Structures are given as C-alpha cells and as structure tokens.
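Input: a single structure, listed below in structure tokens.
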Protein chains: 2
Amino acid sequence: MLELAVLGLLNESPMHGYELNKRLKGVLGPFRAISYGTLYPCLNALQAAGYITADDSASEVGVGRRKKTTYKLTAEGKERLQEQLAEGGPSAWDDESFGVRFAFFAQTDAETRLRILEGRRSRLEERQENATSSMSTTRGRLDRYTLELQRHGLESVEREVRWLNELIATERAGVAARPARTRRTATPQTAK
Amino acid sequence: MLELAVLGLLNESPMHGYELNKRLKGVLGPFRAISYGTLYPCLNALQAAGYITADDSASEVGVGRRKKTTYKLTAEGKERLQEQLAEGGPSAWDDESFGVRFAFFAQTDAETRLRILEGRRSRLEERQENATSSMSTTRGRLDRYTLELQRHGLESVEREVRWLNELIATERAGVAARPARTRRTATPQTAK
DNA sequence: GCGCGATGTATCGACCTGATACATCGACCT
DNA sequence: AGGTCGATGTATCAGGTCGATACATCGCGC
C-alpha cells in the first residue's frame, strides 16, 4: 500500500524523505498525510529489499553538513512497481488503497484500470445494501441526528458510484478506440 | 474516541460485546466497524477505570454454560460520558471523531452541537485552501487521473461544507426558538 | 442426530499514528 | 552582524489499532 505509493512516486523522480511525504499527501486522498514514523521504516524496508537505494550526499566537506538522503528506484524496484500495478485484486478496492491505485492509473494498463474501477464499484454497492438493510431493521428507532448521518453517508456513497460509472464509461470508450493495445504480449485472459 | 462511543451506546442500554460491536458499525460511519482486538481491551480498560461493570451471567447451572458478559454503565461512567459530550475541543473535528460526536448529538447540549459543527466546517475549509493552493503550485503538471481524483475529493469536501451549513442553520433556528434553555445553570459565556 | 451459520469472547503480531527530538537553511528585521 | 522564525530534513517511541485466528455455544433445518 504505502510501498506502492513510494515506488510510484520515486519512479517519477528521485527525492528526499521529506519531499516524498509532501507529495504523498497529494496522492493519498489528496488529504490525509502519513507520518514519518511510517515513512522512514518503510523506506528502510524497501532499501533492505533492494528496491531502492539511499544516496547520502553528506560525504563531502566533512562535519556539520546537513544530512540529506536521496532515494532512488533500482531496476528491481521498477519491476516490483510493475507487478504491484498489474495486480488489481480485492485489496485494491479498499478506501485507502483505491485512492493510491487510482493516482497511478496513468502508469497502469487499461485492463487493470477497468478491473479496479469495477471492483471498487461493487464494493460500494455492497455497502449500500448493508446500510439500507440495517436501516429497515432498526426501522424508525433512531434519533434525528443518527438518521441524518446515515442519510448523508449513503448519499456520499451514491455519489461515488455515479462518479465511477462515468469513469468506467470513459474507460470503455477509450478501450474501444484503441482495442486492447498495451504494447505487451497479451497474457491470454480467461474471457470475462 | 472509542471510549465515547462505547459509553454512549451503553447509556442507551446495557449489552454484550458482540452486540456493542454491531451497533458500533451503525454509529461509526455508518460503515467501518472496529475490531474485537480493539473493543475488548477498551472494555477492560473502561471496567478497570470503574466506568462500566461486567456482569458475567454464567454463575448459574454450573459448567458448560455459554459465556456471556453484559456490560453496564456505572454512575461514574455516566458522569464521564457527560464530560466527554460537553468537551467539544479541536479533537472533535477529525474525520473519525466527528462522526461519533454527531451520532450522539441527541444527548449533547445545543451549545456544544453548534461548536462542533462550526469547528468541523472550519477544518474542512482549511483543507479546501490547502488543496486549491497546492493545485495552483503544481499547475498543470499532473496527469489526467491525479487531477480527476483531486477534483472529486474537493467536490466531496464542498458538499460536506454545504451539508454543515444547513445543519448549522437548523441548529440556530432551534436555539432561537427556545433560547439557551438546556436545563442547566448557564455558565456565563463570554459573548461571541 | 448432525451440520452450519450466527452468536459470543479473546489474543497476538504487524502496522500506524501523534508526539517529540534534534539540526540546518534561508529570509526577514533591527 | 546578530537574532528569530518558519520551512526543510531525519529519526524514534509509546500507545493504539487491525486482521487473522482460535475457541465454544446456540438454534435451525434436514
């Protein structure tokens, strides 16, 4: 999750932890930043796994120099990123994950984009059912505020579904225009 | 946070951990349930602090009886709940907290309701500014999808602000109708 | 009489957050 | 020059939370 975001950002250009964090909040939401207590351990793990390198540019000029560490993707890191982007499984429809996956859609192939969009939509529809069924169960026994909160929540979900519908339609139109061309030996998909 | 939700729910009626968890998901979002790994430790802490009691109804009929623990608010617990409800500080405008605070608005006095609603709104407006300013900074350098994500996020925030505006208007009208009557010696407010 | 899904309690490792600490840099003020 | 202040930059830790997992009982239908 965070791993994907970091890899994707570093793929655009190498940068410091601090800048990474700022860019991250533009990608994760676009609100909601993550904390350094999460980022730095993640960076260390990524480095240990060989997906990124950490150039410590302080070697010059001896003491007192400000510590700056520039992180860069390795070849393995790029491969890893491609893997992650291609994998559009159920974990990608979560609130948290979806935003990140979507943010890197430009680097994702059309098939995966569609799968993620549709997965997200069905996840949302599932929620609508849960909510409406639980509302009819507790029929009228809630106070005004609780009711209003649920109504607003439900409306938000409906809005997101409509948004997804538009996106899906656009994607399909795009796919129809240049059919299944992703410059890659199409791994034979089991139809539907 | 979770503490408030548990206290508020138990104030309506005593219940088991399992039911508590189900009700919680009706209150926290109304999506997003919390896990038992969070709930039970919290219940234990609450019990240790003397805010709730845990009646273990298995004492009868000897062995093999199914374990059921009914949690109930104590007098201290009710006091604690009132404290928590009255305290409408900055921590209450967070995404997570706000939903819970709102769900118990029926038990909250009008003044606090208004403070929380307005605090939430200013929090949201702050976000709008951040987002729009960072958008003009990175002017045009984002791809189509990132842009679309930000646009949608911003639109959601705008919608919530409008929602809050309506709620605030309603609250004010209500306060105007029965002026400052909360059956409680009005602690002399510094005007405005 | 037997399986199966809902009810019910509980814990553990892995992960994340918010607070905190420390240090340097550039810019502006006096 | 000297000073303060906010942004940049790296890092850790206690405490809280999640998801998975384990166990056991209840009521129901077949």
Side-chain angles (χ1 to χ4, degrees), chain A residues 1-6 14-25 28-29 31-49 52 54-58 60-71 89-91 93-97 100 130 133-134 137, chain B residues 1-6 14-25 28-29 31-49 52 54-58 60-71 89-91 93-97 100 130 133-134 137:
Chain A
M1 232 306 352
L2 211 189
E3 184 188 323
L4 171 61
V6 169
M15 54 183 121
H16 303 163
Y18 186 83
E19 196 187 348
L20 213 31
N21 193 42
K22 277 204 309 181
R23 301 288 237 90
L24 237 23
K25 87 178 61 173
L28 292 159
F31 320 102
R32 161 162 200 77
I34 60 152
S35 74
Y36 293 112
T38 307
L39 180 58
Y40 284 112
C42 176
L43 250 12
N44 290 336
L46 246 18
Q47 189 190 350
I52 63 177
D55 283 351
D56 196 337
S57 66
E60 211 73 43
V61 210
V63 273
R65 209 67 192 87
R66 174 138 160 205
K67 203 201 252 182
K68 275 189 163 194
T69 318
T70 304
Y71 296 96
S91 55
W93 347 127
D94 289 339
D95 289 324
E96 299 291 289
S97 293
V100 181
N130 284 359
S133 80
S134 87
T137 307
Chain B
M1 232 303 358
L2 211 190
E3 185 187 322
L4 172 61
V6 169
M15 55 185 122
H16 303 161
Y18 186 83
E19 195 185 349
L20 213 31
N21 192 42
K22 277 205 307 180
R23 302 288 239 88
L24 236 23
K25 88 178 61 174
L28 291 159
F31 321 101
R32 162 163 199 79
I34 60 152
S35 75
Y36 293 113
T38 307
L39 179 58
Y40 284 111
C42 175
L43 284 172
N44 290 334
L46 247 18
Q47 188 189 352
I52 64 176
D55 284 352
D56 195 337
S57 65
E60 213 72 43
V61 210
V63 273
R65 210 67 193 88
R66 173 137 160 205
K67 201 199 249 181
K68 277 187 162 195
T69 316
T70 305
Y71 296 96
S91 56
W93 347 127
D94 289 339
D95 290 323
E96 299 291 288
S97 292
V100 181
N130 285 0
S133 79
S134 85
T137 307

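On a predicted model such as this, the values are computed, not experimentally measured, just so you know. Each chain gets a letter, A, B and so on, in the order the sequences are listed, and its residues count up from 1.
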Does [N] have its OP1 or OP2 closer than 4.0 Å to a side-chain nitrogen or oxygen of [X]?
X	N	result
B:Ser35	D:dT17	no
A:Tyr36	D:dA11	no
B:Tyr40	C:dA10	no

Write down the distance between [atom1] ([X]) and [atom2] ([N]), rounded to a whole number of angstrom.
X	N	atom1	atom2	value
B:Gln47	C:dT9	CD	C1'	13 Å
A:Leu43	D:dA11	CG	P	9 Å
A:Ile34	C:dA19	CD1	C1'	16 Å
B:Lys68	D:dC26	NZ	P	9 Å
B:His16	D:dA24	NE2	P	20 Å
B:Leu2	C:dC16	CG	C1'	16 Å
A:Glu19	D:dT10	CD	P	10 Å
A:Asn21	D:dA7	CG	C1'	14 Å

- Select from B:Tyr71 and A:Glu96 the residue whose nearest nucleotide in DNA chain C is closer to the 5' end of that strand.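 Checking each residue's closest nucleotide, the 5'-ward one belongs to B:Tyr71.
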- Message: Considering every strand and a 4.0 Å limit on heavy-atom distances, what is the contact class for A:Gly37: base, sugar-phosphate, or nothing?
- Response: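 Base, at least one base heavy atom under 4.0 Å.
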- Query: Any stems for DNA chain C, made of 3 or more Watson-Crick or G-U pairs in a row, each with both distances under 3.5 Å?
  - Reply: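 Expected stems, ordered by start: C:1-30 with D:1-30.
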- Query: Quick one: are B:Leu43 and B:Leu20 in side-chain contact, heavy atoms under 4.5 Å?
  - Reply: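 Result yes, sub-4.5 Å side-chain heavy-atom pair found.
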- Message: A side-chain contact here means heavy atoms from C-beta on lying under 4.5 Å apart; do A:Val6 and A:Leu39 qualify?
- Response: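 Yes, side chains in contact.
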Euclidean distance, [Y] [atom2] relative to [X] [atom1], rounded to 0.5 Å:
X	Y	atom1	atom2	result
B:Met1	B:Glu96	CE	CD	7.5 Å
B:Met15	B:Thr70	CE	OG1	10.5 Å
B:Leu2	B:Ile34	CG	CD1	4.0 Å

- Message: Tell me the closest heavy-atom pair linking B:Ala54 and B:Tyr71, and the distance in Å.
- Response: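 Heavy-atom minimum between the residues: CB-CE2, 3.7 Å.
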- Minimum heavy-atom separation for A:Asp56 to A:Lys68, with atom names?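 Minimum heavy-atom contact is OD1-O, 3.3 Å.
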- Can you figure out which of C:dT9, C:dT17, D:dT8 approaches the side chain of A:Lys22 most closely?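 Taking heavy atoms from C-beta onward, the closest nucleotide is D:dT8.
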